[in-house]
Amino acid sequence: MKKGKKILSTLLILASMSVLVGCGTSSDGAAAAATTGDGTGATLVMATNAAFPPYEYVENGEYVGIDVEISQKIADELGMELEIKDVEFGSIVAGVQSGKYDMGMAGMTVTEDRKKSVNFSNTYATAVQSIIVPSGSAIASVDDLSSEIKIGVQQDTTGDIYASDEYGDAVVRYKNGADAVQALVSGKVDCVIIDNEPAKSFVSANEGLTILDSAYAEEEYAICVSKDNEALLNDINGALAKLQEDGTIDAIVSKYIPAED
Ligand code: GLN
């Protein structure tokens, strides 16, 4: 057994177990735009990478998705105007750190490494890394991953970090999830490692792909904010808590991730 395989095998987690902050059936607890912040009228610049459904993507020329809607509600709570910047995932942390963006929200996993550069809000979702393969692929479980095959990832994501660590040159990096999945569809890579909910979205949007039952590490998503902006971090945590409590986040999540039957 190759190094790392054992760890991965013990991490077998059903991709479908992805549970977000509760899958409620609560009604759209649409919050009135209360103001808990001091940013009345100011702009809240949120950096994301809008190729990561169901968290952020473009539909009919508009940004939509769980993160997009939650960030809009946070902006409402803070009495601010939301402005979305669609940038490469790998540039979000540095851009937030330097103050170019007020916050980053992109299905972003809290990692020790990123915490050296930015602060993270309380988490609002959990995820696992999933493996997508063409239906009927010889790759049937995480144990079949090796440096002999081509593994597609989105560059600078946790999937990239784990896979590069274990399989080195086997890893082929793409700018975003949509590009990685396109490479899989056209046979340029043998599998794609990506977060479980985007994996499900991509598989349902593309014929002939399937998700393996086994998955990588468990992760938590949070919003990143500059270490110099403690006040905004507190405001965001306050808004998140309220939106969690009043069912708004549950309602947004279940709109994009219908409960499985
Ligand atoms: N959750 C993964 C990460 O933080 C992927 C996020 C993304 O691609 N938007 O690295």
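We count ligands from 1, going down the list as the structure has it; atoms in each ligand are counted the same way.
If you number the atoms of ligand 1 from 1 as listed, the ones under 4.0 Å from a heavy atom of Asp195 come out as 1 (N), 2 (C), 5 (C). Interface atoms of ligand 1 facing Tyr221, defined by a heavy-atom separation under 4.0 Å, are 1 (N). Close contacts between ligand 1 and Met108 involve ligand atoms 4 (O) [criterion: under 4.0 Å to a heavy atom]. Which parts of ligand 1 touch Ala106 is read off a 4.0 Å heavy-atom cut-off, strictly below it: atoms 6 (C), 7 (C), 9 (N). Shown in contact with Glu219 at under 4.0 Å from a heavy atom are these atoms of ligand 1, numbered in order with element: 1 (N).
The shortest N/O to N/O separation between Gly107 and ligand 1 falls below 3.5 Å. Here's the thing with Gln129: none of its N/O atoms is less than 3.5 angstrom from an N/O atom of ligand 1. For the pair Glu56 and ligand 1, the shortest N or O to N or O distance does not fall below 3.5 Å.
Side-chain atoms of Asp195 and Gln129 form a donor-acceptor pair, as typed in the model, at a separation below 3.5 Å. The closest side-chain donor-acceptor pair between Asp246 and Thr248 falls under 3.5 angstrom.
Residue contact check for ligand 1: Tyr55 places no non-hydrogen atom closer than 4.0 Å to it. Residue contacts with ligand 1 leave out Asn49, since none of its heavy atoms falls under 4.0 Å from the ligand. Taking 4.0 Å as the cut-off, Gly177 does not count as a neighbour of ligand 1 on heavy-atom distance.
A donor-acceptor pair under 3.5 Å is absent between the side-chain atoms of Ser164 and the main chain of Ile161, judged by distance alone.
Among Lys116, Arg114, Lys115, the single residue meeting the side chain to side chain donor-acceptor pair (under 3.5 Å) criterion with Glu112 is Lys115.
The aromatic rings of Phe52 and Tyr221 sit tilted relative to each other, their planes meeting at an angle between 30° and 60°.
Counting heavy atoms under 4.0 Å from ligand 1, residue Thr158 touches it through both backbone and side chain. Contacts of Arg114 with ligand 1, taken as heavy-atom pairs under 4.0 Å, involve the side chain alone.
Using a 4.5 Å cut-off on side-chain heavy atoms (C-beta onward), Ile151 and Asp190 make no contact.
For the atom pair Ile139 CD1 and Ile131 CD1, the distance stands at 8.5 Å (nearest 0.5 Å). The OG atom of Ser121 sits 7.0 Å away from atom CE of Met105, with the distance rounded to the nearest 0.5 Å.
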Check: Does the side-chain hydrogen bond (donor to acceptor under 3.5 Å, both in side chains) test come out yes or no for Glu56 and Thr48, once each step is laid out?
Finding: CA-CA 8 Å; Glu56 42 268 328; Thr48 196; 3.2 Å; yes
